[in-house]
A.B. asks: 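Here's a structure for you.
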Amino acid sequence: MPRHPEQRHRLQAGTALRRRPGPPNIEPETSSDSAVPSPGSPGPAARGTAARRSRALKLSEQPQTTTRPTGARRRALEVNSGTRSAGNRPGATRPSATLLSADRPGGSSQRVAPTAGGTLDRTTAHGRSTSGSGHPLSDLVTNAALRSYDLRVKEAFDRIVPLLKQLSALQHEDDFVERAQQLASSCLGYTLPLPILERAWVSQLDMRTLFAWCVFETYEQTSASFFEDDPLDGKAGSPAAEAFDAFLLECGFHLLDVTPCADGRLAHAIAYALRLPFSSVRRRPHAGALFDVENTVNRWVKTEHRRYREALPNPAHANTRYLKVVLYHFSSLDPSHEGCAAHGSDDALAASCGLARLRDFQTAVENSFCCGASVDLLLVGIDTDTDAIRVHVPGLDGSTNLDRWLDTHDVYAATATLPADEGRKQIASLVEQAAASTPDPGMVRLIARLLEHNLSQIDYVRTYHDGHYSDAGHAERFIGVGIGFKEIHLRNLTYFAYMDTVEEGAPDLDVGIKIFTGLNVSRGLPVPVVARFDYHGQVPGARERAVGHARRVQAAIESRYPELVQQGLLHTLLTVRDQDRHVPAEAVGSTISFATAGGH
């Protein structure tokens, strides 16, 4: 590891100022001797509320820029897709006269008055388009590319059941094996395991095992394609990732750590709803977005240690903060039934529990480390029907108002008739107005960028899903358990159960099994579970330990759900992945095995 001898005697400032409600921190006086930096090294970063506000003011004066996906895929789309220009986009609504900041049944609301001119109507309760143009800030090229990727992956999974139905009708034909393999190759792109097909003449075709095998094979192909082709243009070092990383630092944050709910309807939140490069975000899904505080503190420690030792992504003395985000969810179409299952479809409870967990994390860091160690917090909600987000804009003092937020539908309405530059200024103004108290300009810039990106996703849902998703409930294809799954960024593809052990992650896994009992078991199909544990390939023995970990989790799953296992209604694929390299997951075991012919 490289050393930095010239920085050894540098005075290290805290990673951030205290961000808690109440009076600002009072910095202790220091002697002139202690304030003198060592020769050849920069002085300590300015600290204190006044210094922070001075820095924030400088940030607010910098011009805002946008980050758009680049690369060969986009250029090809621009040349060949024939997509309409920004001035003729489908799926727009006209702005409303006021911005509603709370819509939950029985809840109080506060209004944020827009400053955009004109009095215009919203066409439907969910802002679906009845006019022929989209938002000036929407990115139709990326929308088309994301739609293509979504269809390609999900259709690969959705072709499995129709194929199996065909095979069921053919299983007693003389040439069944040959015809089955031909159909599988043409429909799924791979052949099926011979032992299952060759036993069909003796008894009924083992559809449960065959279904699980096909799901696992399709997952492996999806993982390989993601890492080999980079369909989302978001891998580390890509232009989009480098641009956003630089922007994040400019906003005053050296890491963006997001915990969405494990619900599969939020699996696409990073790459689609927020339009962020996946490599620029630390994502750890948990049921109800209730992340493990101790584990998150450990990740914070690793992040700050790397800044101190390697100056990555920036030096430890730089005045930036670790930003922890909770992404809870709710349903605008059926709020009483299709909200977060972990919170009983109570979106107010989901928001309050998310904020409480954020504050627990902040308190844990501040109580455990000295030198002004702290983190910034951000609470965001997402409507699983429309993908619109609502942001509880925090104040500079760390305050967050659960009953006040800024909804992207309202931002869309207030800026739909404005030119792009004026629209961005208006978004920033609305963010400032919605803050719980005087906001940090860096936070305003980041939230404004997230809202701008989400405008494209609103047009995406309007264009391709008539304003809201038809699968308002769960429609996941498999359960993912363990640690990893960097390659999963599609809505309703996977239910995540983040865990180190089944005992610790039992609540998350139980929710997933309950969901798939309705989706699959009720139809006689098994629950496909992909166990995944990433490891650091440069650490000796790490792969072997990850494999052993996966096998222990498999055994614990089988012990927890013995009836499903005995009936062939739960199958598990074990995978590991070297997270130090941009490579696909590696299958290392499965509950599906085929006996080989042998002697006595």
Side-chain angles (χ1 to χ4, degrees), residues 69-77 80-81 141-163 184-193 211-241 264 267-272 275-281 283 285 460 464 475-480 482-496 528-535 537 573-588 590:
T70 60
R73 179 175 60 82
R74 173 166 181 167
R75 289 193 295 273
L77 283 168
N80 301 322
S81 67
V141 172
T142 299
N143 281 2
L146 291 176
R147 173 63 170 175
S148 176
Y149 177 64
D150 181 89
L151 289 176
R152 185 167 67 253
V153 172
K154 289 181 179 177
E155 286 177 355
F157 285 91
D158 295 343
R159 285 193 293 265
I160 294 173
V161 169
L163 173 71
S185 295
S186 61
C187 182
L188 304 180
Y190 50 79
T191 57
L192 304 176
F211 171 81
W213 190 93
C214 289
V215 170
F216 295 154
E217 180 68 20
T218 304
Y219 158 73
E220 290 185 66
Q221 292 194 358
T222 299
S223 177
S225 175
F226 179 87
F227 287 102
E228 292 169 3
D229 303 331
D230 191 24
L232 298 179
D233 287 340
K235 70 178 181 180
S238 66
H268 70 313
I270 301 301
Y272 280 68
R275 300 293 172 93
L276 300 178
F278 63 85
S279 63
S280 299
V281 180
R283 179 185 64 164
Y460 175 95
Y464 301 114
E476 293 93 335
R477 278 66 173 181
F478 64 93
I479 296 177
I483 302 172
F485 294 102
K486 183 181 287 290
E487 67 270 36
I488 302 300
H489 291 278
L490 294 175
R491 181 183 186 274
N492 257 346
L493 180 65
T494 310
Y495 172 85
F496 288 101
V529 177
V530 178
R532 169 73 161 277
F533 287 92
D534 289 356
Y535 63 93
L573 174 70
L574 308 183
T575 65
V576 296
R577 178 179 169 271
D578 182 356
Q579 61 182 325
D580 293 332
R581 298 187 297 141
H582 193 73
V583 294
E586 172 193 1
V588 294
S590 173

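Predicted model only: the values in this text are computed from it and were never measured.
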A.B. asks: Shortest non-hydrogen contact from Phe278 to Gly234?
C.D. replies: CE2-C, 3.3 Å
A.B. asks: Counting C-beta onward and ignoring hydrogens, is there a side-chain heavy-atom pair between Thr494 and Glu476 closer than 4.5 Å?
C.D. replies: no
A.B. asks: Give, for atom OG1 of Thr222 and atom NZ of Lys154, the distance between the pair rounded to the nearest 0.5 Å.
C.D. replies: 12.0 Å
A.B. asks: Who are the side chain to side chain contact (heavy atoms under 4.5 Å, CB included) partners of Ser225, not counting sequence neighbours?
C.D. replies: Asp229
A.B. asks: Is Tyr272 close to Arg491 at the side-chain level, that is, under 4.5 Å between some pair of heavy atoms?
C.D. replies: no
A.B. asks: Which atom pair, heavy atoms only, marks the closest approach of Pro528 to Phe211?
C.D. replies: CG-CE2, 4.0 Å
A.B. asks: Could you list the residues that satisfy side-chain hydrogen bond (donor to acceptor under 3.5 Å, both in side chains) with Thr218, not counting sequence neighbours?
C.D. replies: Tyr190
A.B. asks: Identify, with sequence neighbours excluded, every residue that meets salt bridge (charged side-chain N to carboxylate O under 4.0 Å, His left out) alongside Asp534.
C.D. replies: Arg532, Arg577
A.B. asks: Suppose we screen for salt bridge (charged side-chain N to carboxylate O under 4.0 Å, His left out). Which residues come up paired with Glu586, at least two apart in sequence or across chains?
C.D. replies: Arg543
A.B. asks: Under the rule for side chain to side chain contact (heavy atoms under 4.5 Å, CB included), what residues qualify as partners of Glu220, not counting sequence neighbours?
C.D. replies: Glu217, Leu573, Ala587
A.B. asks: With sequence neighbours left out, what residues match Thr575 under side-chain hydrogen bond (donor to acceptor under 3.5 Å, both in side chains)?
C.D. replies: none
A.B. asks: When rounded to the nearest 0.5 angstrom, what is the spacing between CG in Leu232 and OG1 in Thr142?
C.D. replies: 10.5 Å
A.B. asks: Test of understanding: with ring-ring contact (aromatic ring centres under 6.0 Å, His included), list the residues that count as partners of Phe485, not counting sequence neighbours.
C.D. replies: Phe496
A.B. asks: What class does the angle between the rings of Phe227 and His582 fall in, given that below 30° is parallel, 30 to 60° is tilted and above 60° is perpendicular?
C.D. replies: perpendicular
A.B. asks: Between Arg159 and Leu163, is there a side-chain heavy-atom distance shorter than 4.5 Å?
C.D. replies: no
A.B. asks: Please name all residues satisfying ring-ring contact (aromatic ring centres under 6.0 Å, His included) with Tyr149, sequence neighbours left out, ordered by chain then number.
C.D. replies: none
A.B. asks: Compare every heavy atom of Ala241 with every heavy atom of Ser279, then report the nearest pair and how far apart it is.
C.D. replies: OG-CB, 3.5 Å
A.B. asks: Residues in side chain to side chain contact (heavy atoms under 4.5 Å, CB included) with Leu493, at least two apart?
C.D. replies: Val153, Phe157, Arg477, Phe478, Ile488, Leu490
A.B. asks: Please give me the minimum heavy-atom distance between Leu188 and Gln221, naming the atom from each residue.
C.D. replies: O-OE1, 4.4 Å
A.B. asks: Between Asp150 and Tyr464, does the side chain to side chain contact (heavy atoms under 4.5 Å, CB included) criterion hold? Intermediate values first, please.
C.D. replies: CA-CA 11 Å; Asp150 181 89; Tyr464 301 114; over 6 Å; no
A.B. asks: Arg275: what forms a side-chain hydrogen bond (donor to acceptor under 3.5 Å, both in side chains) with it, not counting sequence neighbours?
C.D. replies: Asn143, Gln457
A.B. asks: With side chains defined as the heavy atoms from C-beta onward, is the minimum distance between Phe226 and Pro584 less than 4.5 Å?
C.D. replies: no
A.B. asks: List for me each residue that meets side chain to side chain contact (heavy atoms under 4.5 Å, CB included) alongside Asp578, sequence neighbours excluded, and say none if there are none.
C.D. replies: Tyr535, Asp580, Arg581, Val583
A.B. asks: Who are the salt bridge (charged side-chain N to carboxylate O under 4.0 Å, His left out) partners of Lys486, not counting sequence neighbours?
C.D. replies: none
